Every structure is written in structure tokens, then in C-alpha cells.
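Model, not experiment: these values are computed from the prediction. The first residue of the sequence shown is numbered 1, and numbering continues consecutively from there. Just so it is clear, the values below take in all heavy atoms, side chains as well, and ignore hydrogens, waters and symmetry mates.
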Amino acid sequence: MTTPASSAPAAVPAEPAAATGVRQTLLVLGASGDLTGRLLLPGLGRLLATGAVPGLRLIGSGMDGWDDERWRRRVADSFGTVGAVGPVESEVIQQTRYVPADVTREEDLRSLLGCCTGPLVIFFALPPLVTARSAAALARIGVPPGTRLMLEKPFGVDRISARSLNELLATLVPEGQVHRIDHFLGKSTVLNLLGLRFANRIFEPVLNSSHVACVDIVFDETLGLEGRAGYYDRAGALVDMVQSHLLQVLALLAMDPPPTLRAEELRGRQAQVLRATRLWHDDPAVASRRGRYTAGEIDGRRLPNYADEPGVDPARGTETLAELAVTVDNWRWAGVPFRLRSGKAVDAVRKEAIITFKQPTRVPDGLTGYERPDRLRIGFGPDRLGLDLNINGPGNPFELEQANLTADFGPGDLPAYGEVLRGAFDGDPTLSVRGDVAEECWRIVEPVLAAWKAGAVPLQEYRAGSAGPADSLIGPVSHVR
Ligand SMILES: O=P(O)(O)OC[C@H]1O[C@@H](O)[C@H](O)[C@@H](O)[C@@H]1O
């Protein structure tokens, strides 16, 4: 769905690209922040190294009084971490500039836009409230025609703010030029879901409530806060991971086949699934769990109590692990629980979607050992496909054993941020989140956030390096290898 820009202010004329050899400009707002250095620049470096974005000019801007030299060092260091050290990347580093600015002020934005050449991509690497103020200031001065906007998650801080931001952005550029980033949509294995489901005969016919008992989407990390209190302590695991990334994975796993992978069709299918998604039993107390890590050790590394981490406000009660059970209330999936979980500082990295199948309708008398259900596992790092099947092992041929068939795929050529940046440079929003989808994701989690705030679901403590809270929606059975 493309929303036409309405009442857009007079566009700012940009310097003609042909006069400079620059084909497009990437303007990063929030360039001195953590996200830019950790994810955006490495992704950009790798993308540049493929030669896919010739003639790119990079401009960084932020509140810090950095100079060009300091910014160039940051870009070079970030490119260096991913081996992006070729001539194209060096050229970008030489040409790049840093413009200190308050990106919520019209005058500053006007002069920033004046530094940009050719078609423009503006990347908002900013907290949601600053993004909204910056977009509002931009809406007052206008942007050059064809400008694409890239916005980091979280998109808004709740459903209402997401809707107002959508309305504001619609006055700036058409919907097809808004790239709401969810970098999971650029991950190679997440994208592999499309091929796996729709280019093979054997899986799709059984992916429905007649055959599937439950679906788990798990993204557990051994990392803790890692110095990100400023952002994370306000977001928490539910907003950081579930409201965004894991619901996108759910949409790709559960959607009906789109006729083509064009943006409007793929994103339309994702939207349909999310519109049909509801909390399990419509009850946040049944459908959610939250936990927070205490001091512990993981792989020989000591982690402090989350509440004692620098910058954390213990009174906020931020969770570092969230679980959510939902159902997709449509013909295909009604009654099948989808359990989403993401936790930090747990004992093992576990990044996978696990589809657990129902028992066969009738097993001939005489066969034993088939009690464990078949499972299809799709790993999101390492990128892996696994199938657990009951087959006959050594010894008695009628005593079955569960075998695991596993295929590893190498990671894709581009990191996820490189992939989503490519979409913006190509003007293709397929791998970004459509405005209504962002609002739907808030609709799904809002009752849970409210119930947590009201104390209806206890904040359980779990030791860093343990398996997580004792009262979990996802039992250990999902993790049997
Ligand atoms: O696996 P990746 O690409 O590092 O993504 C996981 C990360 O995704 C980010 O969006 C979250 O803010 C992090 O908390 C999380 O660790």
C-alpha cells in the first residue's frame, strides 16, 4: 500500500548530482551514536565493497562536536572491522564529512540538506522521541524529491505514537520511500524462510493447524547489557526483540504465499498475519512471562546483577527476558500456539524457529519409540536447517529412535544492515516494515506492557548463565537436540 504524500512543504533543491559525480548521499542523523558505529557503518562498508553503490557520498551529523577527522576515523575503523578496505570504501572515507547539528532544529536541518548532493537517503539513528521531533522539523522545511527515510526501531514508543509518526512521515514522502528498519528482515536465514516454504513441495502442505502442534521462535543470547543501558533500560526485552524482530519472523513463518515478492504483495501478506495475531487466551497473565538476570557467570565471564549495571534504574523493573504466546486466528493456524521468547545472559545461544508437529494419526501396533514429535528447526545463527524424525536405529527395527538431519548454510554475503541499506539505495522497501505493520506489532504487545506495569505478571529473577526463569512458557522440550 502506498500512501501518497499529502501537503508536503516546498521541496529543498539539492545540488545537481551530475555536476559532482556523486550519485546519491547517505545522511546519518545520530552519527556519533553506538548504533552507527556498531551496525550501520559495518553494514555500509560491506555493501560498498560489493560495488553496488557507486558514487555514494556519506555525511554524518550529531550533537557531539566532532570534526571531520574524528568521524573519518570512526568510519574507517568500522569499515576495517569487516574488511571493507577497498578503493570504493577509501574514496567514501576521504570524501565524508561530519556536520555537528541539533537535528530537531529546522535551521540546522536546512543547512544539513544544503550539504547533500543528488538523491538522498536519511538514516535516523536516533531514539524514537528524537526521531519524531527531527521528522517533524523536516516536515516543516521539506526534503528533496525522491528522498528515502530510514528509521531505526523501535518505531514510536506505543501504538498511538507509531500512528502519529506514520501520519507525519506521510506528509514528508510517500510510504514506499519510508524504510522502517527491522534488520532481521535482512538476515539471510530469515529470508531463507521464503525459499524453504514456497519453493519446496514438502513443507507447505503441512504448515497448518491440522499438522502443527506449536511453533516456537527463540532468540536467546549469552550477552548481557553490554553498556547499552541508555537505550535498553527503557526498551526491555519485549520491545527490543519481540515487538519488532520476532513478530516479523512470525509473520514470514505464518503468512500465506504471496504471488510475487514485490513489496506490496509480500508486505500485504505479513500485515494479514499480524492483523490476525492475538494473545493466547486474550490474557497477558497466561500469555506472557518476564525475567531479569542477576549476577552470574557465562563461559568464564562474570556478569553483574542487571539492576547494578551502570546506567540502569532498578526501579524501572526492566525485563531482560520476555516470553509471549500468541495465536494467529485464521483458517490456517487457529488454535496453534506460537511462543516467542528472547532473553539476555542465559546459558546458551539459541536462535531458531522450531515447528513441532502433531503425532501421526495412527501408528501401527508393534512400532515403539515414536513418542517424540517430528520437528523442523530453522536456525538463525548459525544458519541451519534441522529435521527431527522418528526412524529405525540400530538393533530392533521396530524400535524407533529420533534422528536429526541437519544442513548448515554459510551466512549470506551481506550482513543484515548491508541488506536493508541496499533496499533503501535501490528504492525498494520490500525488506522494511510497512507503517500499518509497525502499528499492528504495538497492538499485539500493548496489553502485555500494560499488565506488566500493573504488576499482573511477576518479574522473575534468573541467574546469569542459567536457563532463564523457572516459570517459563517454553519448556525445555523445545531445546532437545
Ligand atoms: O543477531 P543480531 O543481528 O546481533 O541481532 C540481535 C540484536 O538485535 C538488536 O536489534 C537488539 O537491540 C539487540 O539487543 C540484539 O542483541
Verdict with reasoning, L151 to H179, per side chain to side chain contact (heavy atoms under 4.5 Å, CB included): CA-CA 6 Å; L151 296 103; H179 295 247; over 6 Å; no
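- Between the side chain of R290 and the backbone N or O of V457, at least one donor-acceptor pair lies under 3.5 Å.
- Salt bridge D436/R434: present, at least one basic N to carboxylate O contact under 4.0 Å.
- For the pair N200 (side chain) and I202 (backbone), a donor-acceptor distance under 3.5 Å is absent.
- The list of salt bridge (Lys or Arg N to Asp or Glu O under 4.0 Å) pairs with a residue in residues 442-470, not counting sequence neighbours, reads E440-R443.
- Taken from CG in L207 to CZ in F357, the straight-line distance is 5.5 Å, to the nearest 0.5 Å.
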Working for side chain to side chain contact (heavy atoms under 4.5 Å, CB included), residues T368 and Y370: CA-CA 6 Å; T368 59; Y370 55 82; 5.5 Å; no
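- With a 4.5 Å cut-off on side-chain heavy atoms, L193 and I378 count as touching.
- Residues G37 and P42 share a closest heavy-atom pair of O-CD, 3.3 Å.
- Side-chain contact between L449 and V239 is present, with heavy atoms from C-beta onward closer than 4.5 Å.
- Between F123 and L421 the shortest side-chain heavy-atom distance falls below 4.5 Å.
- Residue L165 comes nearest to A132 through the heavy atom pair CD1-CA, 3.9 Å, listed as atom of the first residue, atom of the second, then distance.
- The salt bridge (charged side-chain N to carboxylate O under 4.0 Å, His left out) check on D233 picks up R316, with sequence neighbours excluded.
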Evaluation steps, salt bridge (charged side-chain N to carboxylate O under 4.0 Å, His left out), between R301 and E226: CA-CA 12 Å; R301 220 162 39 97; E226 313 298 316; 3.7 Å; yes
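- Note that CZ of F79 is 4.5 Å distant from CG of L44, once rounded to the nearest 0.5 Å.
- A cation-pi arrangement, defined by a distance under 6.0 Å to the six-membered ring centre and an angle within 45 degrees of its axis, is present between K187 and F184.
- Atom OG1 of T189 sits about 7.0 Å away from atom CZ of F409, to the nearest 0.5 Å.
- Within the 3.5 Å criterion, the main-chain N or O of S209 finds a donor-acceptor partner in the side chain of K358.
- Taken to the nearest 0.5 Å, the OG1 atom of T361 stands 9.0 Å off from the NE2 atom of H211.
- Within 6.0 Å of CG on L223 lie more than 12 heavy atoms contributed by other residues, nucleotides or ligands.
- The closest side-chain donor-acceptor pair between S288 and W452 falls under 3.5 angstrom.
- Dense packing is recorded around CZ of R228, with more than 12 heavy atoms of other residues, nucleotides or ligands lying under 6.0 Å away.
- Looking at R159, its side chain never comes within 3.5 Å of a backbone N or O of W442 through a donor-acceptor pair.
- The heavy-atom pair separating L169 from A135 by the smallest distance is CD2-CB, 4.1 Å.
- P397 and N392 make their closest contact through O-CB, 3.1 Å (heavy atoms, listed as atom of the first residue, atom of the second, distance).
- Side chains of Q24 and V53 form a contact here, defined as non-hydrogen atoms less than 4.5 Å apart.
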Derivation of the side chain to side chain contact (heavy atoms under 4.5 Å, CB included) call for W333 and T327: CA-CA 7 Å; W333 290 114; T327 180; 5.7 Å; no
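- Applying the salt bridge (Lys or Arg N to Asp or Glu O under 4.0 Å) definition to pairs two or more places apart or across chains, those involving residues 177-186 are E175-R180.
- Between the side chains of R377 and T406, no donor N or O sits under 3.5 Å from an acceptor N or O.
- The closest donor-acceptor contact from the side chain of T277 to the backbone of V273 lies under 3.5 Å.
- Side-chain contact of D383 with S188: a donor-acceptor pair under 3.5 Å is present, judged by distance alone.
- Between the side chains of Y462 and T320, at least one donor-acceptor pair of N or O atoms lies under 3.5 Å.
- The distance between the ring centers of W280 and F338 does not fall below 6.0 angstrom.
- Here ring-ring contact (aromatic ring centres under 6.0 Å, His included) pairs that include residues 411-438, with residues two or more places apart or in two chains, are H183-Y417.
- Here the side chain of E439 pairs no donor or acceptor atom with the backbone of V437 at under 3.5 angstrom.
- Using modelled atom types, one side-chain atom of Q460 and one backbone atom of D471 make a donor-acceptor pair closer than 3.5 Å.
- Distance OG/S342 to NZ/K344: 6.5 Å, rounded to 0.5 Å.
- Contact check on R341 versus E323 returns a salt bridge, with a Lys/Arg side-chain nitrogen under 4.0 Å from an Asp/Glu carboxylate oxygen.
- Remark: the backbone N or O of P469 is not paired with any side-chain donor or acceptor of S472 at under 3.5 angstrom.
- Counting heavy atoms from C-beta on, the side chains of L172 and L138 come closer than 4.5 Å.
- Checked by atom type, the side-chain pair Y231/D34 shows no donor-acceptor distance below 3.5 Å.
- Take D374 and apply the salt bridge (charged side-chain N to carboxylate O under 4.0 Å, His left out) test, not counting sequence neighbours, and it matches no residue.
- You'll find the side chain of L340 stays beyond 4.5 Å of the side chain of F219, heavy atoms only.
- Shown here for G343 and D220, the closest heavy-atom pair between the two residues is N-OD1, 3.1 Å.
- Listed here is the closest heavy atom pair of S134 and L126: CB-CD1, 4.3 Å.
- Distance check, rounded to the nearest 0.5 Å: CG of D413 to CD of E419 gives 9.0 Å.
- When side chains are defined from C-beta on, P429 counts as touching R267, because their heavy atoms get closer than 4.5 Å.
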Kindly list each side-chain donor-acceptor pair under 3.5 angstrom involving residues 246-260, sequence neighbours excluded, with atom names and distances?
from	atom 1	to	atom 2	distance (Å)
D256	OD1	R332	NE	2.9
D256	OD1	R332	NH2	3.0
T260	OG1	R262	N	3.0
T260	OG1	E265	OE1	2.1

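- With contacts defined as side-chain heavy-atom distances shorter than 4.5 Å, the pair L196/L194 does not qualify.
- When atom types are taken as modelled, the side chain of K351 and the backbone of V218 share no donor-acceptor pair closer than 3.5 angstrom.
- Using modelled atom types, no side-chain atom of D428 and backbone atom of A263 make a donor-acceptor pair closer than 3.5 Å.
- A salt bridge is defined here as a Lys NZ or Arg NE, NH1 or NH2 lying under 4.0 Å from an Asp or Glu carboxylate O, and E204 with R197 meets this definition.
- Counted by atom type alone, D158 and S161 present one or more donor-acceptor pairs between their side chains at under 3.5 Å.
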CA sep, side-chain torsions, deciding dist, call: L324, V445, side chain to side chain contact (heavy atoms under 4.5 Å, CB included): CA-CA 9 Å; L324 184 71; V445 303; 4.2 Å; yes
